[in-house]
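Data first, discussion second: the structure below is written as structure tokens.
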Amino acid sequence: MLGKTSPLVTAYRSNPRGWAIVTFMFVALGFVFSARSALGLIMPAWEEDLGWDRTFLSSGGSIILIFMTLISPLAGNLLDRIGPRPVVVGALLCVGVSIASTSLMTQPWQFILLFCVIGGLGYGSLAAPQASATIAQLFDEHRGLATGIATSGASGGLLLMMPLLAILVEWAGWRTAFVGFGIFVMALAPVAWFLITPASRTALKVSGTTEVGLASRLGLIARNPTFWLLFFGFVLCGFTTSGVIEVHLIPYAMSCGYPRFESAAALGLLSGANMCGMIIAGYLADKVNRPLLLGAIYFFRALSFLILMRITGNPELLFLFAIIFGIFDYSAMPVLASLVSTHIGVRVMGLTLGLLFGGHSAGAAAGAFMGGYFFDNFQSYEWVWIVSIGLAFLAAAFSWLIRENSDDKSAAHQVAA
């Protein structure tokens, strides 16, 4: 009908700056996660060029994830206390410097320091949890959808960047590719500084609230049984996603006989499906039973590994796995963020998600190491996939133990007494 405003237009008009920040976070996460995922793409080249074995390089991936485990709660707490702007800017600078300086490395210690330690600081400070906490501060309505769109940049960026990075590495070499990529990431930092202003934090302007200490906020979180169910499930989630798939999918596909570009294209397709899955899950998080939805995501992710184990000589199965796994990969994030906002509270959301992501990164570190260890010792990833199936099923069980309380808004601004 003429004169009737589209729901999407209405949503945008209600919070235009918020949606601008959603768009920026989509782009920023795309570059940050592409930088982090570059290890799997470059691993065979580093093995050949620098003579380092896969166990060592996989251990480097584990070091990154360990630093993310340590930094994520600190970044989340800082985000709660002073806002997201300095956190996002600092993270982008760390990631950009890490990638650009890695182009100069020749020794193993330089890989650990430049790519793993400095990069880990940036990756732990700007990931889906920090983006989710930022969006939660900007939106009261459409929070699930906005979170899904913003965090889908973590996978949406891979859809374009990983195949392009693979082409650039083949054409100009990995050193030149890393220099250009790092400079571009650093260029995003000033954009973040001017766009994410303190005045943007509209959702947390609640009268009658006071600041509380870290110990009280940690106590509030630790006493909440939902936190522990989410935590244990998210640790297992990390093993089955960031650990074994982000680090080892491309090397595994190449070991099955696929060329580097086709392997990177599969990861890119996975990322495209991932992006769609996150947006759909964010929309559903506003509509359906969230514990049931979160458990279903883990359950169907487990089943997708059965396809992965049969991709040798069958590229159709490789790309089918990429689509199915992608749908049930990062789609857990907007559902988890929605549960945190109502079961634990928006005012401690950065710290809570930081702790959860710390557990996720610890699980991912174990997965990254196990992938390299099993490959070097057995020349096969089969047992890694079998373990991943069992852990994903267990994560689903933890999620289904959570009680839904979406109608209870008391947690939205809950603060420790």
Side-chain angles (χ1 to χ4, degrees), residues 27-65 67-68 90-126 154 157-190 242 246-255 258-268 271 368 371-372 375:
V27 174
L29 285 178
F31 278 94
V32 169
F33 272 70
S34 295
R36 198 177 101 190
S37 299
L39 177 59
L41 176 69
I42 302 298
M43 192 180 293
W46 283 350
E47 287 179 312
E48 180 180 351
D49 188 21
L50 301 172
W52 301 338
D53 63 37
R54 193 161 301 188
T55 297
F56 170 71
L57 293 171
S58 298
S59 298
S62 297
I63 291 171
I64 291 174
L65 293 163
F67 266 84
M68 291 172 64
L92 289 170
L93 290 175
C94 281
V95 172
V97 168
S98 169
I99 295 299
S101 61
T102 294
S103 67
L104 303 175
M105 72 177 185
T106 57
Q107 300 297 322
W109 70 266
Q110 296 169 340
F111 167 69
I112 299 298
L113 175 63
L114 300 177
F115 189 81
C116 302
V117 175
I118 297 176
L121 294 175
Y123 304 138
S125 299
L126 182 55
L158 297 178
L159 177 64
L160 176 63
M161 295 176 200
M162 290 304 289
L164 288 179
L165 187 58
I167 293 173
L168 186 58
V169 168
E170 294 287 350
W171 174 62
W174 65 268
R175 295 185 187 274
T176 301
F178 270 44
V179 169
F181 195 89
I183 291 173
F184 199 97
V185 173
M186 284 187 281
L188 293 175
S242 300
E246 285 189 12
V247 176
H248 292 287
L249 177 60
I250 292 178
Y252 170 64
M254 293 178 68
S255 73
Y258 297 97
R260 178 180 286 110
F261 177 78
E262 193 170 5
S263 302
L267 183 61
S271 302
F375 183 85

Between Leu126 and Ala91, the two heavy atoms sitting closest are CB-CB, 3.4 Å
Check your understanding: Is a side-chain N or O of Ser255 found less than 3.5 angstrom from the main chain of Tyr252, in a donor-acceptor match?
Key -> yes
Q) Any side-chain heavy-atom pair from Tyr123 and Val95 closer than 4.5 angstrom? A) yes
- Message: Under a 3.5 Å distance rule, please check whether Arg36 uses its side chain to pair with a backbone N or O of Gly120 as donor and acceptor.
- Response: no
Can you tell if the side chain of Pro108 reaches within under 4.5 Å of the side chain of Trp52, non-hydrogen atoms only?
yes
Q: Keeping the roles fixed (side chain from Ser34, backbone from Gly30), state whether a donor-acceptor pair exists under 3.5 Å.
A: yes
Taking every heavy atom of Ser103 against every heavy atom of Val179, the minimum-distance pair comes out as OG-CG2, 3.1 Å
What one should report as the nearest heavy-atom pair of Gly96 and Met186 is CA-CG, 3.6 Å
So do Met43 and Ile250 actually touch side chain to side chain, heavy atoms under 4.5 Å? no
When every non-hydrogen atom of Met254 is compared with those of Ser263, the smallest separation belongs to CG-OG, 3.4 Å
Q.
If you define the side chain from C-beta out and look only at heavy atoms, does anything of Leu168 sit under 4.5 Å from Phe181?
A. no
One should read off an interatomic distance between Trp109 CH2 and Leu114 CG, to the nearest 0.5 angstrom, of 7.0 Å
Interatomic distance, CG@Leu50 vs CH2@Trp174, rounded to 0.5 Å, equals 5.5 Å
ask   = Can you check whether Met105 reaches Trp46 side chain to side chain, under 4.5 Å on heavy atoms?
value = yes
inquiry  = Leu39 vs Phe115, test: side-chain contact (heavy atoms from CB on, under 4.5 Å). Steps then yes/no.
reply    = CA-CA 9 Å; Leu39 177 59; Phe115 189 81; 4.0 Å; yes
What one should report as the nearest heavy-atom pair of Ile64 and Cys116 is CG1-CA, 3.4 Å
So CG of Leu57 and CD1 of Ile42: to nearest 0.5 Å the spacing works out to 11.0 Å
Closest non-hydrogen contact found for Cys94 with Ile118 is O-CG2, 3.5 Å
